[in-house]
Amino acid sequence: MTDSNKKPSVQFRSARWFDNREHADHTALYLERYFNFGLTREELQSGKPIIGIAQTGSDLTPCNRHHRELAQRVKDGIRDAGGIPMEFPVHPIFEQGRRPTAALDRNLATLGLIETLHGYPIDAVVLTTGCDKTTPATLMAALQLDIPAIVFSGGPMLNGWRPVSCEGGTDNDNREERVGSGTAIWQNRERLVRGELDYAGFMDASAESVPSVGHCNTMGTALSMNALAEVLGMSLPGCAAIPAPYKERAQMGYHTGRRIVEMAFENLKPSDILTRQSFLNAVVACSALGGSTNAVVHLLALARGLKGVDFSMDDWQRYGEDVPLLVNCMPAGKYLGEEFYRAGGVPALLNQLIGDGLIDGSQNTVTGHSLAHNCEPFPVRNRDVIFPTDKPLMQKAGFAIMRGNFFDSALMKKSVISPAFRAKYLVNPEHPECFTARAIVFEGPEDYRARIDDPALDIDEHCILIIRNVGPVGYPGSAEVVNMLPPRRLVKQGITCLPTMGDGRQSGTSGSPSILHIAPEAATGGGIALLQTGDRIRVNLADHRVDVLLTEEELAERRKHVKAPSLVNQTPWQEIYRRTVSQLDTGAVLETDEEFVRILDNHPVGRHSH
């Protein structure tokens with residue numbers, strides 16, 4: 001549908017601002033100031049839909065910055081399909097740059113976007129996404145309002161490369177290896193500790209992973225979440241993995257612009273697309289992708305913005321744990337986003353998963369067609385990047401949802417359990433998939449950095465590093481600090497990974513098999529607050545258990561003496577966030593007195609401004 005004279009299935013919201021003949025005074029007030037940059041009455045009273053472009057790109061969000069240029073192609077598509085584009089800013093969210101953590105701003109950006117979309121004359125919206133939390137933040141707003149919406153991601157960076165020395169090579173033997181953004185930081189900090197890099201070398205080596213515009217080129221949270229937006233049916237097929245500099249990225253922007261106009265005329269909303277099965281599809285796809293643990297929190301948050309979609313932590317284990325790892329991308333594999341796209345990207349993976357009966361291809365999408373219909377033209381083009389289901393990189397590669405005698409839930413990413421880690425901790429013939437370790441407890445990242453090399457702790461390979469007070473309330477916002485490096489002396493001996501555990505998160509680009517998202521967190525009185533250095537912790541992956549080897553009587557006695565941490569709010573938003581945020585196992589969303597779903601059904605417009 002590209003006929004701009006086609007009548008919408010419902011009256012566009014924007015007409016209540018721009019063409020309300022019963023209230024000429026109000027209409028004039030809403031209209032006149034939009035004339036000052038060149039829009040005309042003919043346009044605004046034409047009956048064409050006003051299409052918002054939620055702009056997440058800025059100098060503060062470098063991973064999304066190129067959306068400022070890409071938006072022009074989105075506008076071209078909107079105009080050509082008979083819509084009127086209006087671009088506006090979204091509160092910045094940048095994972096690496098935001099202190100204390102960008103997780104603090106996901107809900108804030110959602111609130112701001114809800115108010116913008118509800119309070120202004122916007123009929124449908126293009127969500128520009130990229131860096132980690134811009135995808136869930138914008139989608140959460142669109143879902144709660146239930147406004148026609150489509151995700152247009154900015155795409156991953158090109159491959160990073162660094163030279164490697166080859167024994168027996170010649171002077172002309174210029175070999176290179178891939179460098180994954182984010183993942184390189186965790187690898188280079190080990191090289192820094194071993195003395196292979198100095199400070200300047202650390203900076204230079206890390207910069208090798210950032211060769212172009214775009215978000216992380218690894219299968220970190222950014223690529224995972226944009227891929228899962230496509231799995232959910234909220235992006236055009238093939239959108240997620242197109243590298244940011246490729247011409248296809250701008251072309252996708254044009255097609256996205258055209259399609260959102262059609263969706264406005266069709267009144268195709270998120271509630272017409274997203275079902276419980278859509279989320280179960282995303283669980284399966286996340287496991288096959290080797291996706292980020294942060295996807296768990298974000299998808300739980302998205303589902304809470306929908307009416308009648310029952311989706312919980314248990315679904316991640318029930319439907320995702322036994323799914324094989326199929327995508328050979330860092331940090332679980334060796335390739336990067338560029339190869340994933342060239343191998344067929346998300347549609348090729350979905351086509352395979354649908355054919356193998358692991359995903360329900362009947363789910364609706366923003367195209368108006370089923371997931372299976374969208375993916376059918378996309379074959380797998382490189383079997384070293386997307387493996388066959390019956391010959392995967394790893395069997396049973398999903399997230400293990402853990403329970404324990406001192407917490408309700410946590411998760412562990414099985415696809416990044418390396419053979420070396422498994423050999424050291426998980427091959428005891430008497431207790432397979434089980435190990436016991438001595439706890440070393442830190443009260444936060446500052447305490448960890450101050451004491452990790454303290455000889456008095458006597459840390460060895462039989463220890464588990466525990467960090468607490470880093471969850472949604474404690475940090476605030478839940479920090480990516482659980483993937484802790486062992487003491488320097490162990491790293492120099494080649495022991496670069498110890499078991500770790502905490503009530504916070506971990507970067508999606510990290511390959512550390514940590515036990516994450518422990519809930520309830522210590523700052524709210526969770527049982528992780530009871531642990532002491534020297535306690536024995538038993539981790540049993542077979543039974544999905546993590547227990548401290550103490551009696552219930554000892555735990556009860558400790559609880560009497562636990563002191564709540566002193567929490568300092570540095571800004572008004574931090575106070576509001578801490579007072580209202582839920583735990584990670586329910587999406588870390590704001591708990592409001594009322595349920596805000598399908599807002600536009602109940603409150604299509606606000607009261608007049610004059």
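Not measured: the values here are computed from a predicted model.
- At a cut-off of 3.5 Å, with distance as the only test, no side-chain donor of T56 or T134 sits close to an acceptor on the other residue.
- Under a cut-off of 6.0 angstrom, the local environment of CD in Q570 is sparse, with at most 12 non-hydrogen atoms contributed by other residues, nucleotides or ligands.
- In this structure, E446 does not pair ionically with R451, as no charged nitrogen and carboxylate oxygen lie closer than 4.0 Å.
- In the model, R505 has a side-chain atom that pairs as donor or acceptor with a side-chain atom of S478 under 3.5 Å.
- Not counting sequence neighbours, the partners of Y341 by the ring pair (Phe, Tyr, Trp, His ring centres under 6.0 Å) test are Y246.
- Counted by atom type alone, D585 and H517 present zero donor-acceptor pairs between their side chains at under 3.5 Å.
- S514 and N483 are not linked by any side-chain donor-acceptor pair at a separation below 3.5 angstrom, with hydrogens and angles left out of the test.
- Looking at T221 and S224, their side chains never bring a donor and an acceptor atom within 3.5 Å of each other.
- In this pair, F399 and W316 present their aromatic rings tilted. The plane angle is within the 30 to 60° band.
- Among the candidates R422, K396, K414, the single residue satisfying the salt bridge (charged side-chain N to carboxylate O under 4.0 Å, His left out) test with E433 is R422.
- D59 has a carboxylate O that lies under 4.0 Å from a charged side-chain N of R65, or vice versa, which qualifies the two as a salt bridge.
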Using the salt bridge (Lys or Arg N to Asp or Glu O under 4.0 Å) rule, take E521 and R468 through it: C-alpha gap first, then chi angles, then the decisive distance, then the call. CA-CA 7 Å; E521 62 179 299; R468 62 191 177 201; over 6 Å; no
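- With respect to the salt-bridge test (charged N to carboxylate O, under 4.0 angstrom), the residues E177 and R162 qualify.
- Looking at D132, its side chain does come within 3.5 Å of a backbone N or O of A222 through a donor-acceptor pair.
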Chi angles and distances behind the salt bridge (Lys or Arg N to Asp or Glu O under 4.0 Å) call for R489, D453: CA-CA 8 Å; R489 58 182 176 79; D453 291 309; over 6 Å; no
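- A salt bridge links R545 with D547: the closest approach of a Lys/Arg side-chain nitrogen to an acidic carboxylate oxygen falls below 4.0 angstrom.
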